[in-house]
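For the single chain, residues carry numbers from 1 onward in sequence order. Quick caveat, the model's predicted, so the values are computed rather than measured.
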Amino acid sequence: MNFAFKSSKESLYRIILLIFLTVSFASYGQKMNDGMGGRFPHPVDLRKAVSSFNCGKVESADTAVVKQYLLSAIANLKGSDFSIDFLEGKQSKTGLHYLYRQNYRGKPVYRGTIKINLDKNGSIISLFDNTYRILETPAGEFPDTDDCYDIIKSIYKNDNDIVKIFIEELYFDLGPRLIPASRIELWDKKGNFFELVIDADQMIVYERDMNSYFNNNRIHDVDTPALARVFNPDPLTTAGVIYGAPYEDASDADISQLNMQRQQVTLDVAFENDTFKLESPYCLITDHSIPDVAPVTSLTPDFEFTRSQDGFEDVNAFYHINVYHDYVQQLGFDNIVNYPIWVDTHAMGGADNSNFSAAGSPPRLSFGEGGVDDAEDADVIIHEYGHAISHSAAPGTNSGAERLALDEAIGDYFAASYSKSINSFNWEKMFSWDGHNEFWNGRVVESDKHYPEDLQNNLYKDAELWSSTMMQIMDDIGRERTDEIMIEALHSFATNISMTDAANLVIAADVALNGGGYVAPIRYWMCLRGFIPCNVGVDELAETHFAVINSYGFTARNEQAVIRFNSPQTGLLELTDATGRIIYSEKFSEADELKISPKNVSSGIYLTKVTTQNFSSTYKLMKW
Ligand SMILES: [Zn+2]
């Protein structure tokens, strides 16, 4: 292997990589990051999947049969230069979810994936096509393997710092064109896991934090109940106060007011070699990241610690992760994070951030201790666990600007809904204890941002659109129902999907799970947010004399619909049911607008007839 530097370029890589290594490994963290980890400047991240819903049927759900179907159905795959590989298959409560990858002349096309979601009869519920149309072979050479190693050597002086290197040749989308490129995947001993794409001139054309996909089904079958104390969900929420003395971090000190907020709980722990350990079939407290703090163990089934003790964060994370895993399982999902996830609560070199990484087997969570210790706040723990849930339901799909924001949003939603179910004090504050203080601002799950004009191409800021909408739906139809629908929908997520696609997947999941029983409220909130059009369910007539306002609120929310005239009118308003029976009538004179109340109107379709001296028109209104 030639590790000699090409010296003219070395300093350039160093600058690029220094910026990269400093700021970009927080992509799966919960914190705001305005560096590269939080922005999507590259065209490959701004691509949109071509989405189709209810678009046909396959003869069988056999992956080879589906593969043949896709090769014949997708225009970009026509011709002998193209093939596809099966990457992932998942089963949800109502369907099957397959991920394939496009190849051109035997080499993969970077993110040229296809996600197909089938119901159990083989009907295609949704399909997300990210393939590329390639009319001629992309010009240029593939980079030399030696060049790849030069770049690796410029990052890591010592080969021993690297755990894993993976290099593949592929075609990469530069925006205006595809180029032959090499993708380098690196995992190091500090837990960094990232990919670089380089061109034949040794230029780094793309870089990002990475996920990878393994599983490990090591199961501990020994469990013993132990007593422990935790924050549930955090000390400010249970005390009903906001951040400020004496309710402040004070460098993890044993402040009595904070210690008093600890609640006693029972944990199922493992008992091995005369020692109780924080290990369960779905969570393993470890020390996989610096600082070196060994997982707490006990010779008695007693894990009661005060917050200044290292064991407190271990217990807190262990408790909330097990509770949440049990909850997901009780919703009927027995294949979600179905492995003992590694959890280090004294991690990331003391940074004020946390992350989920799928680099290792099994995947792991790392919580930093900067500012308020992250593992003292259930919002942080469940947010990060949310990434693990998403990775488990839809592996290989967390790429693209809105898709990444959706992953942050789903973590925020799971965390906020969990906390709110325990205690609703200041529920809208995301990271109630870890954020909204001197260290950082936290986020909210009660935003009035509207789609798409309030998107900022920042995965954390954009997350608030989706998380806030899910909280509204949850308040409407209940937490368990909303979570069941969200997790079912998550299985169908694909690379480069938009929030509109996600909204349609949530609706499709309700149709599959509940026969569409909750589509009305879901549509209502999704339409108010701007994710989907608001005229769904109501026949919009082309009407020039008046506008109908809030027909959706009438249909789904028991709110008044308003007919607003272009100029004052005198005449008669009649509401008739499907049989022609008049159920309401009103004479009006020089009116600017008419209000139609949903009171005493039962479910059905109604004709609203407006007759004036100038015109006569009908408008169809629906009441769910
Ligand atoms: Zn996150």
Selection residues 63-77 - residue pairs positive for side chain to side chain donor-acceptor pair (under 3.5 Å), sequence neighbours left out: Asn76-Thr131
Side chains of Gln261 and Thr238, donor plus acceptor under 3.5 Å: yes
Cation-pi check, Arg479 onto Tyr327 ring (under 6.0 Å, within 45° of axis): yes
Side-chain heavy-atom pair Lys420, Asp475 within 4.5 angstrom cut-off: yes
More than 12 heavy atoms of other groups within 6.0 Å of Lys609 NZ: no
Considering all heavy atoms, the nearest Ile341-Pro363 contact: CG1-O, 3.4 Å
Side-chain H-bond candidate by donor/acceptor type, Ser60 with Asp62, under 3.5 Å: no
Residues, nucleotides or ligands: over 12 heavy atoms within 6.0 Å of Glu59 CD: no
Which atom of Met430 lies closest to which atom of Val445, heavy atoms considered: SD-CG1, 4.0 Å
From CA spacing to verdict: salt bridge (charged side-chain N to carboxylate O under 4.0 Å, His left out), Lys93, Glu484: CA-CA 9 Å; Lys93 287 172 90 164; Glu484 186 188 13; 2.6 Å; yes
Heavy-atom side-chain contact between Glu408 and His383 under 4.5 Å: yes
Phe356 and His391 aromatic centres sub-6.0 Å: yes
Check: Gln569 and Glu590 side chains under 4.5 Å, non-hydrogen atoms: no
Worked verdict on Trp433 versus Tyr243 for ring-ring contact (aromatic ring centres under 6.0 Å, His included): CA-CA 7 Å; Trp433 171 224; Tyr243 191 90; 5.8 Å; yes
Sole candidate of Asn514, Ile507, Ile473, Leu490 that passes side chain to side chain contact (heavy atoms under 4.5 Å, CB included) when paired with Ile485: Asn514
pair Glu480-Gln330: side-chain heavy atoms closer than 4.5 Å: yes
Leu572 atom CG, neighbour heavy-atom count above 12 within 6.0 Å: yes
Side-chain heavy-atom pair Ile125, Phe53 within 4.5 angstrom cut-off: no
Ser399-Arg208 side chain donor-acceptor pair, cut-off 3.5 Å: yes
Arg47 NZ/CZ over Tyr132 ring centroid, <6.0 Å and within 45° of normal: yes
Side-chain donor-acceptor contact under 3.5 Å, Ser390 with Asp407: yes
Centroid-centroid under 6.0 Å between Phe531 and Trp466 rings: yes
Shortest non-hydrogen contact between Thr469 and Trp525, atoms and distance: CG2-O, 3.8 Å
Glu488 CD to Asn117 CG distance, which is reported to the nearest 0.5 Å: 9.5 Å
Quiz item: cation-pi between Lys115 and Tyr98, 6.0 Å / 45°: no
Aromatic plane relationship, Phe333 with His491 - under 30° parallel, 30 to 60° tilted, over 60° perpendicular: parallel
Thr94 and Asp119, any side-chain heavy atoms less than 4.5 Å apart: no
Phe128 and Val50, any side-chain heavy atoms less than 4.5 Å apart: no
Student check: side-chain heavy atoms of Leu594 and Val562 closer than 4.5 Å: no
Arg403 and its side chain to side chain contact (heavy atoms under 4.5 Å, CB included) partner, picked from Asp501, Thr495, Asn398: Asn398
Closest contact, heavy atoms only, Asp483 versus Leu331: CB-CD1, 3.7 Å
Minimum heavy-atom distance Tyr418-Ala378, with the two atoms named: CE2-CB, 4.0 Å
Salt bridge (charged side-chain N to carboxylate O under 4.0 Å, His left out) evaluation trace for Arg111 with Asp45: CA-CA 10 Å; Arg111 280 192 216 164; Asp45 287 320; 2.9 Å; yes
Side chain Gln102, main chain Ile114, donor-acceptor under 3.5 Å: no
Any donor-acceptor N/O pair, Asn496 side chain to Lys48 backbone, under 3.5 Å: no
Salt bridge present between Glu593 and Lys595 (N-O < 4.0 angstrom): yes
Ring centroid separation Tyr324 to Tyr319 under 6.0 Å: no
Atom pair CD1/SG of Ile116 and Cys55 - distance to nearest 0.5 Å: 7.0 Å
Test log, rule ring-ring contact (aromatic ring centres under 6.0 Å, His included), inputs His320 and Tyr385: CA-CA 10 Å; His320 289 293; Tyr385 196 64; over 10 Å; no
NZ/NE/NH1/NH2 to OD/OE distance under 4.0 Å, Lys449 and Glu464: yes
Shortest non-hydrogen separation from Asp377 to Ser432 and the atoms involved: OD2-N, 3.5 Å
Residue Asn441 excluded, over 12 heavy atoms near CG under 6.0 Å: no
